[in-house]
Amino acid sequence: MLDDLVSEELPADPVPLLRCWLETARTSNVTDPDSGVFATVDSDGRPSARVLHLRRCDDRGLVFFINRSTRKGRDLEGNPRVALTFYWAPLLRQVNITGISQTASPAESDLLWREGSSTGRAASLASRQGEPLSDEQGLRHRAKEIVDAGTMQPRPSTHQGLLLTPETVEFWLGRRDRLHRRVHYSFAGGEWTHWSLQP
Ligand SMILES: Cc1cc2nc3c(=O)[nH]c(=O)nc-3n(C[C@H](O)[C@H](O)[C@H](O)COP(=O)(O)O)c2cc1C
């Protein structure tokens with residue numbers, strides 16, 4: 001079964017398996033199943049990581065929505081290589097992904113912006129994310145004004161969809177006896193190959 005990562009039944013492409021695990025997490029007792037830790041590296045090789053909310057996972061890869069003017073955006077300018085980890089504790093499941101990121105099309109970014117909540121959009125518009133905060137009341141006031149206006153504001157050009165095209169995907173299935181199952185997928189030469197790893 002896919003749930004046990006039995007080798008003979010694993011798909012050639014890891015994305016359908018990832019989607020299957022995401023779906024299981026969404027329908028299980030998992031808090032925030034679509035959130036993963038997303039790591040970038042700056043041009044001096046310094047890594048940083050933060051949680052991002054997955055917006056889509058389709059044949060192209062994984063799609064997020066970010067503000068490009070913060071640290072991760074600057075990192076991605078210099079180095080599009082990223083790593084992403086999902087951990088679904090109640091399921092004892094982890095997925096580690098590495099790959100290349102690129103900016104989504106303006107049309108897709110607009111759609112992602114419109115699909116967000118009105119409070120999320122207002123917070124994005126009111127806040128200069130990552131800059132020092134000296135007036136929280138002012139920030140709250142600006143956000144409330146935007147929500148109260150009730151109009152769909154255009155997407156700021158700094159806010160963009162981000163497509164992660166995976167190059168490696170590793171599935172980890174925890175077992176109580178510590179003999180965990182690990183399956184590593186790698187994309188090279190235009191095709192995916194996979195093999196099991198010792199735990
Ligand atoms: C559960 C959760 C979901 C988040 N989702 C997003 C997201 O989808 N996009 C985003 O830009 N930041 C998201 N954040 C905030 C980021 O973790 C981070 O604080 C912010 O993007 C600034 O990161 P940076 O300064 O490293 O660029 C989320 C945080 C949490 C805890």
Side-chain angles (χ1 to χ4, degrees), residues 15 18-19 21-58 60-91 93-136 138-140 142-143 146-147 152-166 169:
V15 174
L18 173 60
R19 291 171 65 136
W21 275 31
L22 278 162
E23 202 44 46
T24 302
R26 288 176 190 136
T27 53
S28 306
N29 185 26
V30 171
T31 306
D32 224 347
D34 290 277
S35 292
V37 177
F38 185 94
T40 54
V41 179
D42 75 10
S43 45
D44 292 326
R46 288 191 201 89
S48 65
R50 77 288 294 154
V51 175
L52 293 184
H53 181 79
L54 177 71
R55 300 291 292 271
R56 312 201 192 306
C57 176
D58 57 31
R60 299 167 304 157
L62 298 95
V63 178
F64 301 87
F65 191 73
I66 64 162
N67 179 349
R68 279 252 171 201
S69 57
T70 69
R71 178 174 183 166
K72 65 182 133 3
R74 289 191 294 275
D75 287 359
L76 294 170
E77 285 302 311
N79 187 347
R81 295 190 173 277
V82 300
L84 171 72
T85 292
F86 291 108
Y87 175 49
W88 301 299
L91 300 172
R93 286 180 180 189
Q94 172 184 235
V95 181
N96 291 323
I97 299 168
T98 64
I100 305 282
S101 65
Q102 60 183 300
T103 304
S105 70
E108 183 169 22
S109 296
D110 285 343
L111 189 60
L112 292 163
W113 170 253
R114 288 198 301 271
E115 283 174 356
S117 66
S118 59
T119 47
R121 279 192 300 272
S124 299
L125 290 165
S127 160
R128 294 187 187 279
Q129 191 180 45
E131 291 192 9
L133 175 66
S134 54
D135 176 13
E136 179 159 17
L139 169 69
R140 291 190 163 278
R142 285 197 300 282
I146 295 166
V147 172
M152 174 68 74
Q153 303 268 355
R155 171 178 64 85
S157 59
T158 47
H159 290 57
Q160 298 171 352
L162 186 81
L163 172 65
L164 192 181
T165 307
V169 183

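Each ligand, and each atom within it, is numbered from 1 in the order the structure gives.
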Original post:
What are the atoms of ligand 1, with element, lying closer than 4.0 Å to any heavy atom of Phe65?
Top reply: 7 (C), 8 (O), 9 (N), 10 (C), 11 (O)
Original post:
Any idea which protein heavy atom is nearest atom 14 (N) of ligand 1, and the distance to it?
Top reply: Val51 O, 3.2 Å
**OP:** Would you mind checking which non-hydrogen protein atom is closest to atom 8 (O) of ligand 1, with the distance to 0.1 Å?
**Re:** His53 N, 3.1 Å
Original post:
Can you tell me if Ser48 has a non-hydrogen atom under 4.0 Å from ligand 1?
Top reply: no
**OP:** Sort out for me which residue in Leu18, Thr165, Val15 forms a side chain to side chain contact (heavy atoms under 4.5 Å, CB included) with Leu62.
**Re:** Leu18
Subject >> Interatomic distance, Cys57 atom SG to Asp34 atom CG [nearest 0.5 angstrom] >> reply: 9.5 Å
Original post:
Is ligand 1 less than 4.0 angstrom away from at least one heavy atom of Phe64?
Top reply: no
**OP:** May I ask you to decide if Val63's main-chain N or O and Arg55's side chain share a donor-acceptor pair within less than 3.5 Å?
**Re:** no
Subject >> Test item: Arg19 side-chain N/O and Glu23 main-chain N/O as donor-acceptor pair under 3.5 Å >> reply: no
**OP:** Measure the distance from atom 23 (O) of ligand 1 to every protein heavy atom, then report the residue, atom name and distance (to 0.1 Å) of the closest one.
**Re:** Lys72 NZ, 3.3 Å
Original post:
Can you tell if the side chain of Glu108 reaches within under 4.5 Å of the side chain of Gln160, non-hydrogen atoms only?
Top reply: no
**OP:** Check ligand 1 against Ser35 and write out every atom of the ligand that is under 4.0 Å from a heavy-atom position of the residue.
**Re:** 1 (C)
**OP:** For ligand 1, note which part of Gln129 has a heavy atom under 4.0 Å away: side chain, backbone, both or neither.
**Re:** side chain
Original post:
In Å and rounded to the nearest 0.5 Å, what is the CH2 to CZ distance from Trp21 to Phe86?
Top reply: 12.5 Å
**OP:** Would you mind checking which non-hydrogen protein atom is closest to atom 18 (C) of ligand 1, with the distance to 0.1 Å?
**Re:** Arg50 CG, 3.8 Å
Subject >> ligand 1 atoms in contact with Asp32 (distance to a heavy atom under 4.0 Å) >> reply: 1 (C)
Original post:
Who's the nearest protein heavy-atom neighbour of atom 27 (O) of ligand 1, and how far?
Top reply: Thr70 OG1, 2.6 Å
Original post:
To which protein heavy atom is atom 12 (N) of ligand 1 closest, and what is the distance rounded to 0.1 Å?
Top reply: Leu52 CD2, 3.5 Å
Subject >> Worked verdict on Arg121 versus Thr119 for side-chain hydrogen bond (donor to acceptor under 3.5 Å, both in side chains) >> reply: CA-CA 5 Å; Arg121 279 192 300 272; Thr119 47; over 6 Å; no
Subject >> Cationic N near anionic O, under 4.0 Å, Arg74 to Asp42 >> reply: no
